2 protein chains.
Amino acid sequence: MAHPSPSFQPLYLQIKMLVEKGLEEGDWQPGEPIPSEAELAARYEVSQGTVRKAIDVLAAAKLVVRRQGKGTFVATHTEEKTAPFRFLHIRADDGRDETLVSHLLDVRRGKAGVEAARLLALKAGDAVIVLTRVLAFGEEPVIFEDLTLPGFLFRGLTRARTEAHSGSIYGFFETEFGVRMVKAKERLRAVAADAESARALGVPAGHPLLAIERVAYTYGERPVELRRGLVATRRHHYYNELG
Amino acid sequence: MAHPSPSFQPLYLQIKMLVEKGLEEGDWQPGEPIPSEAELAARYEVSQGTVRKAIDVLAAAKLVVRRQGKGTFVATHTEEKTAPFRFLHIRADDGRDETLVSHLLDVRRGKAGVEAARLLALKAGDAVIVLTRVLAFGEEPVIFEDLTLPGFLFRGLTRARTEAHSGSIYGFFETEFGVRMVKAKERLRAVAADAESARALGVPAGHPLLAIERVAYTYGERPVELRRGLVATRRHHYYNELG
DNA sequence: CAGTGGTCTAGACCACATC
DNA sequence: ATGTGGTCTAGACCACTGG
């Protein structure tokens with residue numbers, strides 16, 4: 001049955017928002033299936049084609065994943081098979097995929113400075129947690145980075161719990177804190193290594209490094225992570241495709 | 001009328017390939033409309049819905065642009081209104097959009113080295129044209145780059161003709177040589193400025209620069225440009241969104 | 001086998017642009 | 001008024017998955 005049109009937006013976008021709200025509110029967990037198209041069509045009293053268009057949009061934004069014959073699943077960062085490091089754009093020059101190892105250097109609590117507060121939509125002085133780590137590809141340290149997280153979303157995050165978790169850190173955030181990264185914006189610059197980062201990455205002080213500033217977002221464009229990384233681009237590079 | 005299914009691929013992908021071939025062969029020029037969905041449906045004897053799905057794919061790949069009420073148009077790099085610099089990811093830190101000025105330093109013909117030949121799918125020694133230029137944002141020189149082009153595609157490219165053209169260089173390639181850039185892959189690194197680039201960009205020798213290597217492609221994944229740029233990230237950065 | 005997403009059709013109507 | 005793309009429906013059938 002049709003809803004003739006008591007609205008401005010097309011029906012399928014309204015349905016999309018309803019399903020998105022369900023995702024946001026945790027009606028279905030990451031990795032689990034959402035209701036079938038037929039069921040959603042019945043529930044919202046629209047045709048299956050309209051539900052399909054709605055889910056097309058969500059799938060394009062990678063909030064859900066379709067699997068023919070099985071169903072539509074809530075996207076997750078924890079699945080080995082598909083893409084455990086969807087947001088990692090650093091690649092080896094020779095194309096090998098080396099094992100990625102994280103060395104956690106520090107976890108501390110603090111207060112947000114004005115800049116971090118602005119980028120994370122907090123107030124200056126709000127509680128934050130800052131992780132510092134080095135990522136090594138194979139044996140070689142390649143990335144030295146800080147992650148700044150809003151304290152109220154990551155209560156109970158400790159060094160031990162973080163180290164206990166294997167796999168991508170976004171998988172950890174997802175399973176342990178229910179925070180799902182959905183989108184990110186990055187700004188890249190070239191900078192000279194200072195003493196600390198030079199030591200961490202095994203390059204001489206003053207060596208050129210690729211600086212990446214990332215703000216990552218959950219549903220509804222809400223920023224939930226600020227990351228500043230320094231990358232030694234000796235045998236690795238940042239890869240990007242432009243369409 | 002339906003074609004029951006004498007094939008492996010879905011019908012709409014077959015239609016998509018037919019339309020894409022038309023684009024590739026220049027049946028319709030950049031900026032001009034392709035035939036209406038109804039006409040394509042009649043021509044290929046499929047339903048309009050199937051044509052729509054085919055065009056959806058082409059629109060997602062930005063080969064065409066839909067405009068409601070007007071038609072579907074061949075994408076172009078020459079239109080001021082939409083996005084004259086679709087592939088330029090360098091932005092000012094403060095978000096201003098300064099006028100972009102190109103200073104062409106050199107145009108010369110030469111032979112492809114092994115590396116350039118590999119990336120451009122040529123044979124080493126094949127004729128290439130190399131442009132060298134500086135891009136300035138406002139008054140400030142920001143990018144110093146080389147463009148290496150296959151000679152056989154850009155016959156008659158001269159310094160004078162290049163300078164005569166205003167707007168994006170991809171617009172120039174499109175209108176003057178019929179070469180349309182459709183996609184590109186980039187690799188970014190941090191490097192130290194050598195004497196030449198330091199002079200061109202107004203930074204001290206050894207200053208960290210963002211090095212961007214781009215291979216740009218036309219239809220069918222055919223590489224047609226190799227670009228190596230050095231970016232002074234004093235008050236500018238490389239912007240990227242991750243989905 | 002039944003259930004899921006994927007394709008395809010035919011037709012109605014809406015929103016927008018142009019004449 | 002006409003032509004374009006955009007939405008929506010109802011129903012048929014295909015392709016794939018799993019019990």
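In what follows, every chain begins at residue 1, and chains take the letters A, B, ... in the order their sequences are listed. Note that the structure is a prediction, hence the values are computed from the model and not measured.
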*Find the distance A:Gln68:CD to D:dG18:C1' and express it as a whole number of Å.*
14 Å
*asked:* Strictly below 4.0 Å: does B:Thr72 bring a side-chain N or O up to OP1 or OP2 of D:dG5?
replied: yes
*Rounded to the Å, how far apart are A:Leu58 CG and C:dG5 C1'?*
15 Å
*To the nearest 0.5 Å, what is the distance between CG (B:Leu40) and CD1 (B:Ile15)?*
8.5 Å
*From the options D:dT9, C:dG6, D:dT7, select the nucleotide whose nearest atom is closest to the side chain of A:Val46.*
D:dT9
*Side chain of B:Ser47 only, please: which of D:dT9, C:dT9, C:dC8 is the nearest?*
C:dT9
*Using a cut-off of less than 4.0 Å, is there contact between a side-chain N or O of A:Arg52 and OP1 or OP2 of C:dG5?*
no
*Between C:dG5 and A:Arg67, is there an OP1 or OP2 to side-chain N/O distance shorter than 4.0 Å?*
no
*If you check the B:Lys53 side chain, which of D:dC16, C:dT7, D:dT7 turns out closest?*
C:dT7
*State which of D:dT7, C:dG6, C:dA15 makes the closest approach to the side chain of A:Arg66.*
C:dG6
_Basic-acidic side-chain contact under 4.0 Å: B:Glu186, B:Arg214_ = yes
*Can you tell me the distance, in whole Å, between the CG atom of B:Leu11 and the P atom of D:dA12?*
20 Å
*Separation of A:Ile15 atom CD1 from D:dT7 atom P, in whole Å?*
14 Å
*So, is A:Lys70 close to the D:dG18 phosphate, meaning a side-chain N or O under 4.0 Å from OP1 or OP2?*
yes
_Assuming nearest nucleotide by heavy-atom distance, tell me which of A:Leu13 and B:Glu37 is located more 5' along DNA chain D._
B:Glu37
*Measure from CZ on B:Phe73 to C1' on C:dT18 and round the result to the nearest Å.*
12 Å
*Can B:Asp56 and B:Arg66 be counted as an ion pair, charged N to O under 4.0 angstrom?*
yes
*Are B:Phe87 and B:His77 an aromatic pair by the rule of ring centers under 6.0 Å?*
yes
*Starting at CD of A:Gln9 and ending at P of C:dA15, how long is that distance when rounded to a whole Å?*
14 Å
_Tell me whether A:Glu241 at atom CD has more than 12 heavy atoms from other residues, nucleotides or ligands lying less than 6.0 Å away._
yes
*Nucleotide D:dC14, atom C1' - distance to CD of A:Gln48 in whole Å*: 13 Å
*Could you tell me whether the phosphate oxygens of C:dT4, OP1 or OP2, come under 4.0 Å of any side-chain nitrogen or oxygen in A:Ser36?*
yes
*Could you check how far CG of A:Asp56 sits from P of D:dC8, rounded to whole Å?*
13 Å
